[in-house]
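Working notes, beginning with the structure itself.
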Amino acid sequence: MIPDDATLMAYADGELDALTAKRVERAIAADPALADMVAAHRALRDRLGQAFGTVAEEAVPARFAAMLASNVTPISPPVAPRPRRWIEAMAVAASLILAVAIGHQWQSGPVSVSGDRVVASGSLDHALDTQLASASGDTRMLVSFRDDRGSYCRVFATAAVDGIACRDQGQWVLRETRSPLHAGATDYRQAGSADAPLMASAQDMMKGDPLDAAAERRARDAGWR
Amino acid sequence: MAAFEDELLGLVPRLRRFAQALSRNAADADDLCQASFEKALNARAQWQPGTRMDSWMYRIMRNCWIDTARSRTRAAETFLPEEAGLEIGDDGARAIEARVGLGEVAAAMDRLPDEQREAVALVLVEGLAYKEAAAILDIPMGTLTSRLVRGRQALMATLGEAA
């Protein structure tokens, strides 16, 4: 048997059945030119794999991470306008009241007050410590990043509260919180209006790109230090 | 709850690589990603959980590429030398090496007819089995193999024996 180019290529790609592969091997053993051809196919495959592989190793650009993490279908313009300052101030004030209320209500609630700081506690603290953005569940981590001081920050969504928490002196300090929006009685979560402003805030706080899955895992394993 | 977004987010690195293999330059590749992700989010109801999202996304991206590639002129080629120069100015030494290598390969890919380029991108860049690639492109196996053979021969001729 003298294999044609398609057969040699399929052999180089590991696409032949065992019997045909054996025949090709016998032909290759008898003809160095065929062996060269197979080597050339493999070399081309390696070269393409390496050349484009660099793209797959790059961190996910922030705009794609935000687009896919925020559950918002972008309609142009893709970035939601920033709320006015006073609305934002009121939202922060409201969230502090919420946080204090929750903190007082349950000792093991998701949020508590430590000195003059509002910090994550209980299940939220645990999730911020351990949960990766790839995990699904009632509490989700939408994106992790470093702020301009180099601290790790995470955008989270829970049944009770959504927000951004940053690592500071061994605690997750809540920088921003919002009430989550639930779509009626279904458990399908339309995160759009609650998460889009959060993601915009995260973009503003972020230095560089969000952590990709590998970097997030490394940061977690190192205790977010 | 957000399993769809999570899974899609996990595919982004591979999809960016596929987009780069199809597109002339990095900017076009990211535009193609943006268009494909928008389409996927809008069509999320059509995706059946439990099926392969990567195949579904490759198909969406390939269709987006065909839509835009047909309307796009090949004038982009004119901008290549300038763009390559800019990239070299911006990047570190290792990145330069990688990008220059990519530039040569990408230029060779760009000379392939679309149907050969998409076959090469799925099998040689994305590492899919022939059967999977043929299913995504909706063509018989024999058609896929002949496009692959021709695409590879052209690439070997362009990139040289030392491939």
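Note on naming: letters A, B, ... go to the chains in the order of the sequence lines (proteins, then strands), and numbering restarts at 1 for each one.
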Evaluate the salt bridge (charged side-chain N to carboxylate O under 4.0 Å, His left out) criterion for residues B/R24 and B/D110: first the C-alpha distance (whole Å), next the side-chain angles of each, then the deciding distance (0.1 Å), finally the verdict. CA-CA 6 Å; B/R24 188 65 199 87; B/D110 195 50; 3.1 Å; yes
Of all heavy-atom pairs linking A/D209 and A/V60, the shortest is CB-O, 4.3 Å
Whether the A/Y152 and A/R167 side chains hold a donor-acceptor pair (N or O, under 3.5 Å, no angle test) is what I'd like checked. no
If you define the side chain from C-beta out and look only at heavy atoms, does anything of A/V155 sit under 4.5 Å from A/M199? yes
Do A/E216 and A/R154 have side chains that get closer than 4.5 Å, going by heavy atoms? yes
Relative to chain A, which of B/V123, B/V120, B/D30 shows the most heavy atom pairs under 4.5 Å? B/D30
Ionic contact status for A/D221 with A/R218, cut-off 4.0 Å: no
Among A/G53, A/A59, A/P61, A/A135, which residue forms the greatest number of heavy-atom pairs with chain B at distances under 4.5 Å? A/P61
Could you tell me which portion of A/A213 (side chain, backbone, both or neither) has an atom closer than 4.5 angstrom to a non-hydrogen atom of chain B? neither
A/W224 side chain to A/D129 main-chain N or O, any donor-acceptor pair under 3.5 Å? yes
Please check if the side chain of B/T143 supplies one atom and the backbone of B/I139 the other of a donor-acceptor pair under 3.5 Å. no
Can you tell me how far apart CE (A/M67) and CG (B/L8) are? Round to the nearest 0.5 Å. 8.5 Å
Going from CD on B/Q153 to CG on B/L148, what distance comes out if it is rounded to the nearest 0.5 angstrom? 11.0 Å
Within residues 14-23 of chain B, which residues come under 4.5 Å of chain A, heavy atom to heavy atom? B/R16, B/R17, B/Q20, B/A21
When only heavy atoms count and the cut-off is under 4.5 Å, which of residues 46-62 of chain B reach chain A? none
Does a sphere of radius 6.0 Å around CG in A/L19 hold more than 12 heavy atoms from other residues, nucleotides or ligands, not counting ones at 6.0 Å or beyond? yes
